[in-house]
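In what follows, a single structure is set out as structure tokens and then discussed.
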Protein chains: 2
Amino acid sequence: MATVKDVAKLAGVGSGTVSRYISGTGSVSRKSGEKIARAIEQLNYRPNSMARSLSSRRSDLIGVWVPSLEGPYYHMMIRTIESALRLQGKHMILANAEDAQSNEDRLAHLDYLINRDCDGILISSSLQSEFELARYAEKFSNLVVMNHHTDELAGRCFSIDHDLGGRLAARHLVELGHTRVATITGRLSALDARQRHVAFLDEMAKLGHPVVPERIVEGAFSYAGGEQAVAALLASSADYSAVFCGNDKVAMVLIAELHKRSISVPGDVSVIGYDDVEFTPYTAPALSTIHAPIEEMSQSACHQLLNLTYGLELPYQEHFEPSLSVRQSTGSCSLQLAQCPDGRMAV
Amino acid sequence: MATVKDVAKLAGVGSGTVSRYISGTGSVSRKSGEKIARAIEQLNYRPNSMARSLSSRRSDLIGVWVPSLEGPYYHMMIRTIESALRLQGKHMILANAEDAQSNEDRLAHLDYLINRDCDGILISSSLQSEFELARYAEKFSNLVVMNHHTDELAGRCFSIDHDLGGRLAARHLVELGHTRVATITGRLSALDARQRHVAFLDEMAKLGHPVVPERIVEGAFSYAGGEQAVAALLASSADYSAVFCGNDKVAMVLIAELHKRSISVPGDVSVIGYDDVEFTPYTAPALSTIHAPIEEMSQSACHQLLNLTYGLELPYQEHFEPSLSVRQSTGSCSLQLAQCPDGRMAV
DNA sequence: TCCAAAAGTGGGATCGGTTCCATTTTTGAA
DNA sequence: TTCAAAAATGGAACCGATCCCACTTTTGGA
């Protein structure tokens, strides 16, 4: 493989000139530039990225830490980030902490990124304990956090207004005439799950239809967690005409389970999700949900990280608002109270 | 940041000894080892990965090229690969070519990996044109290919027996009594889509129920492609009691569309998918499908790439067999021929 | 006790770029 | 035409590891 020196010799210039030509920093005369270009072509020269990184003290690597890669949510994030980084010639390295059992494990995943000398790190965190990781990472790299807000990291937190999201869901259901509403939350130790939930409850109460505890099930934002929570809700004696699910995965699981029991959606029970991930148009029925601008948020976070790290000036925005996305899984509560096939009151 | 020299000085040994101690190659006395360990601790030393890469001529980076990141299929792959690499202390860098418009674009995505000096490259390719990329990449790195088989790359191709998969689908439907069967394929220029399709047709014919052309729609393995193809099938005058979909995304779209038209699955029409991605248990009804061992295949490909690249001896397997996974979207064809709501014969 | 083989060691050369700096060349306003 | 400022240049020093090699120390069987 050819090196700068080979190129310099063939072009009849110094190695510094070649380096300047390639990186575009500093000035090179038209004549030298042409000679260098020809030499590069002729030798089929490609700069060695490790040597470049070593001497320039930048790896052009951005580390991305995610708590899980199950389901479409984080996938949409990764997809967006990969694309934004590629446009800037940077590379993403990924640490998926879903197999971590303890906080030490999660830290080890972070070290896996830090030890690689990332120029910047992007953490998607919704647990307080995970957020501690941000403090740690900050010592080593430029840092940006998604799904979490704190004043300590002002200007480097990117989040969606889950309070508003929870309220939009409540308003939508109440507008449709639902008064007996159940909810399956995410794990309430997670900030985003809690925010959605608290706002939802608050708004329901404000609208005159407080959600009674029997209609609240704490679940988790995973398929397995959703299954458990759905089973718990359906096994309970609670009656309701609509269910607000903490995310779309759980809503999907719920719809599947209701279908299995021949409970019609939205005829018997309305279901609303949260996030508006990839698959929401294709559940049966198509899922009404709170649209969270995941991709926009991811892109913004990525842009700002690039700005901080490489002095770019890419556009970004820290705060995003969700919106209501009505499809077919919610309908008006016009039917009479009726007995469910399994003996519970569900309509 | 401390360097090997600092550590060596503090420990009172030579830099070579420190290097040997850290990498675990070569021998270091117990006494020196302890001194070095103490010095590392004290200085909070972390080896610089760029310097290490430059001098050892290995980046510990594995490039992964995928044609798309829409839907769960490639995500399951990425997730598996990230995990397998992390276990070996390697890092994945990703190039998603779904925004590529031309072959030059796809090549540019590959160069994005190659220019980063990956030690190895993993290509998931099902188009012949994409496979040409493998030839190119092979010049620069160790290479392994998924979803494609060719004798030229013997021992480095990992694939699932789509011929068998197509046949399993056909047998399942025929066993349930379906004789008028429709199919929505993937883009037939893709090898995997074509193999599934051809085998399916062949097996249906062998079983005495050849699929007539009116019941065949060429689609694509994307949500949008699925929507178009589903619309085309439902708009046609074809009648059928079951549909074989080339992958699960298309099957999901079909179920959603049938639900919209109040056509019952599997009451009126049975639907079977292909791949058995993450969401298949949670469609309504749960999707019967051909289980493709995506994760096992991805892990094997990854293992073999690691073996080739770093001289490891991780277990792997080149060929995988799919299996039938029966859930609730397929049922026996016991009902009488009946008129569909929209005037077509569908049962 | 002796001595060949094995284990352990220090440090310089090297990987292939970038960056700095002293020097030369070019530019364009007076 | 003149000359200060700006542009362009070559090459050495450096980034921080690995690896090789010549040399010293330890080991253990006879």
Among D/dC15, D/dT18, D/dA17, the one nearest any side-chain atom of A/Leu54 is D/dC15
Determine, stepwise, if the pair B/Arg79 / B/Glu278 fulfils salt bridge (charged side-chain N to carboxylate O under 4.0 Å, His left out).
-> CA-CA 12 Å; B/Arg79 191 182 178 199; B/Glu278 245 177 25; 3.3 Å; yes
Could you state the atom-to-atom distance from CZ of B/Arg52 to C1' of D/dC15 in whole Å?
-> 16 Å
Whole-Å distance separating the CG atom of A/Asp6 from the P atom of C/dC15 = 11 Å
Once you round it to whole Å, what is the distance between C1' of C/dG16 and NZ of A/Lys5?
-> 7 Å
Does A/Asp111 pair with B/Arg46 as a salt bridge, N-O distance under 4.0 Å?
-> yes
Can we say A/Asp99 and B/Arg86 salt-bridge, meaning some charged N sits less than 4.0 Å from an Asp/Glu carboxylate O?
-> yes
Any salt bridge between A/Glu132 and A/Arg135, counting N to O under 4.0 Å?
-> yes
Check whether any side-chain nitrogen or oxygen of B/Arg46 sits under 4.0 Å from OP1 or OP2 of D/dG16, and answer yes or no.
-> no
Inspect the contact between B/Arg58 and B/Asp119 and indicate whether a charged nitrogen and a carboxylate oxygen are less than 4.0 angstrom apart.
-> no
What is the distance, rounded to the nearest whole Å, between atom CD1 of B/Ile22 and atom P of D/dC19?
-> 13 Å
When you check the gap from the basic side-chain N to the acidic O, do A/Arg156 and A/Glu318 get nearer than 4.0 Å?
-> no
Which value, rounded to the nearest 0.5 Å, describes the distance between B/Phe221 atom CZ and B/Tyr74 atom OH?
-> 9.0 Å
Show the distances under 3.5 angstrom between N or O atoms of the protein and N or O atoms of nucleotides 8-12 of chain D.
unit_1 : atom_1 : unit_2  : atom_2 : d
D/dA8  : OP2    : A/Ser27 : OG     : 2.9
D/dT9  : OP1    : A/Ser29 : OG     : 2.7
D/dT9  : OP1    : A/Ser32 : OG     : 2.3
D/dT9  : OP2    : A/Ser29 : N      : 3.0
D/dG10 : OP2    : A/Gly14 : N      : 2.6
D/dG10 : OP2    : A/Thr17 : OG1    : 2.9
D/dG10 : O5'    : A/Gly14 : N      : 3.4
D/dG10 : N7     : A/Arg20 : NH2    : 3.2
D/dG10 : O6     : A/Arg20 : NH2    : 3.4

Pick base, sugar-phosphate or nothing for B/Tyr45, based on heavy-atom distances below 4.0 Å to the nucleic acid.
-> sugar-phosphate
Is the phosphate of D/dT18, meaning OP1 or OP2, less than 4.0 Å from a side-chain N or O of B/Ser19?
-> yes
Whole angstrom is fine here: how far is it from NZ in B/Lys9 over to P in C/dG11?
-> 12 Å
Let me know the distance between CG of B/Asp117 and P of C/dC15, rounded to the nearest Å.
-> 15 Å
Whole angstrom is fine here: how far is it from CG in A/Leu43 over to C1' in C/dG17?
-> 16 Å
Return the value, rounded to whole Å, for the distance between atom OH of B/Tyr21 and atom C1' of C/dG11.
-> 21 Å
